[in-house]
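Data first, discussion second: the structure below is written as structure tokens.
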Amino acid sequence: MQIVRDASGLADFSGGVLVPTMGALHAGHMALIERAAALAGEGGGDIVVSLFVNPTQFNDPSDFERYPRSLEDDARKCEAAGVACLFAPDVGAVYPRGVESAPESALPRVATAPGLEDRFRPGHFAGVCAVVSRLFELTRPRAAVFGEKDWQQLCVIRAMVERAGGKIEIEPCPTVREADGMALSSRNALLSADARRRGLSIWRGLEAAQVETDPPAAERAMRRMMEVGGVEVEYAAVRDAATLEAVRPGRPARALAAGVVGGVRLIDNMPWGV
Ligand code: AMP
């Protein structure tokens with residue numbers, strides 16, 4: 001495996017399958033890498049993992065500062081998983097003209113679906129779109145794998161790629177969970193035992209939503225479960241799975257939740273009404 005720090009080392013790896021990450025790799029990321037290996041096996045190309053903690057997608061500077069970082073460990077995991085290139089650039093290699101965000105006007109509509117990520121992390125998707133399009137420019141993949149854990153992000157990236165002509169295949173990967181249901185996240189490393197216990201009520205809320213048959217009741221059940229469990233709720237919403245606008249009869253829906261426990265922000269989602 002090659003560890004590449006800037007654009008000049010990437011030429012040999014174009015046409016591969018990219019897995020963009022911010023590092024601190026856990027079993028969720030490894031599932032994405034396995035999916036990338038399967039795609040590379042079917043259609044050719046190398047597995048490229050990018051590891052970059054992108055400053056522009058953090059609206060809270062302290063969240064950026066304390067985001068877990070573990071390059072050596074991550075490199076060992078990637079090597080063992082058959083990754084050909086670990087692209088771990090510094091900020092200057094990604095943004096040679098200075099740090100950029102996509103202009104709000106260039107964002108796909110799904111990025112600003114009301115009451116979801118954009119409301120609580122303004123500017124987040126402008127940062128995500130800027131960094132993902134830079135990573136695509138630099139690594140020139142034929143396919144890229146994204147986790148369903150960040151459902152709105154997956155919708156935004158799909159829309160961004162479609163708008164650009166759809167040349168990169170966007171492959172989703174289901175959320176990997178702990179045995180009790182908690183979604184794996186790099187931020188879980190920042191949770192105290194008590195906050196970890198409370199954080200589980202986000203998953204419980206999503207489960208509670210499943211037994212309700214209309215969206216407002218499902219949203220209330222989710223919120224109640226999260227509040228009782230000790231989560232500061234940001235949103236608990238049931239939406240059209242693709243547009244993230246109001247649910248429409250006959251179309252797939254998704255339950256989405258976000259909240260803060262012990263100062264750590266967690267998000268999760270599940271299919272709803274299937
Ligand atoms: P991050 O490093 O948190 O930016 O995540 C990098 C990629 O891994 C994104 O596509 C995430 O959606 C995905 N991911 C993070 N956690 C999980 C998980 N528990 N299961 C599946 N994919 C995940």
Side-chain angles (χ1 to χ4, degrees), residues 1-54 57 74-75 77-89 93-94 102 106-108 110-111 125 127-176 183-184 186 241-244 252 254 269 271:
M1 182 180 80
Q2 274 189 44
I3 300 183
V4 172
R5 293 297 196 164
D6 58 33
S8 63
L10 287 171
D12 290 347
F13 300 104
S14 67
V17 182
L18 176 67
V19 180
T21 81
M22 297 202 296
L25 301 183
H26 52 62
H29 298 114
M30 300 320 288
L32 268 58
I33 295 173
E34 268 172 42
R35 190 67 208 115
L39 286 181
E42 288 158 17
D46 287 314
I47 311 170
V48 178
V49 171
S50 65
L51 197 165
F52 179 62
V53 185
N54 174 37
Q57 71 192 69
D74 291 348
K77 288 178 182 168
C78 286
E79 174 120 55
V83 172
C85 169
L86 177 59
F87 179 45
V94 175
L107 291 180
V110 69
F125 284 125
V128 168
C129 286
V131 76
V132 172
S133 42
R134 270 303 284 153
L135 291 171
F136 285 171
E137 274 170 36
L138 289 164
T139 60
R140 304 189 167 283
R142 69 167 180 81
V145 187
F146 288 85
E148 292 183 354
K149 155 82 169 38
D150 297 278
W151 185 261
Q152 191 172 6
Q153 169 173 282
L154 175 62
C155 298
V156 168
I157 301 294
R158 274 188 174 135
M160 184 183 88
V161 167
E162 230 164 77
R163 195 188 267 185
K167 294 205 179 69
I168 301 173
E169 180 189 347
I170 301 300
E171 178 73 12
C173 183
T175 302
V176 177
L184 294 182
S186 305
T243 64
L244 301 187
R254 202 91 190 167
N269 68 87

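Residue indices begin at 1 and follow the sequence shown.
Atoms CG and CG, on D46 and D12 in that order, are 8.5 Å from each other to the nearest 0.5 Å. A distance of 11.5 Å separates CE in M160 from CZ in F125, rounded to the nearest 0.5 Å. The CZ atom of F87 sits 5.0 Å away from atom CG of L138, with the distance rounded to the nearest 0.5 Å. Atom CD of E79 is separated from atom CD of Q2 by 11.0 Å, given to the nearest 0.5 angstrom. Between the CD atom of E169 and the CG atom of L18 there is a distance of 12.5 Å, given to the nearest 0.5 Å.
For M30 against A81, the heavy-atom pair with the smallest separation is CE-CB, 3.7 Å. The two atoms that bring I170 and I157 nearest to each other are CD1-CG2, 4.0 Å, heavy atoms only.
Screening E171, K149, E148 for a side-chain contact (heavy atoms from CB on, under 4.5 Å) with L154, the sole residue that qualifies is E148.
When atom types are taken as modelled, the side chain of N54 and the backbone of M22 share no donor-acceptor pair closer than 3.5 angstrom. Formation of a donor-acceptor pair under 3.5 Å by the T21 side chain with backbone atoms of S50 is found in this model.
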CA sep, side-chain torsions, deciding dist, call: L86, V49, side chain to side chain contact (heavy atoms under 4.5 Å, CB included) = CA-CA 5 Å; L86 177 59; V49 171; 3.9 Å; yes
Going through the checks in order, is the side chain to side chain contact (heavy atoms under 4.5 Å, CB included) test met by V19 and H29?
-> CA-CA 8 Å; V19 180; H29 298 114; 6.0 Å; no
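Taking a 6.0 Å sphere around CZ of R142, one finds it holds more than 12 heavy atoms contributed by other residues, nucleotides or ligands.
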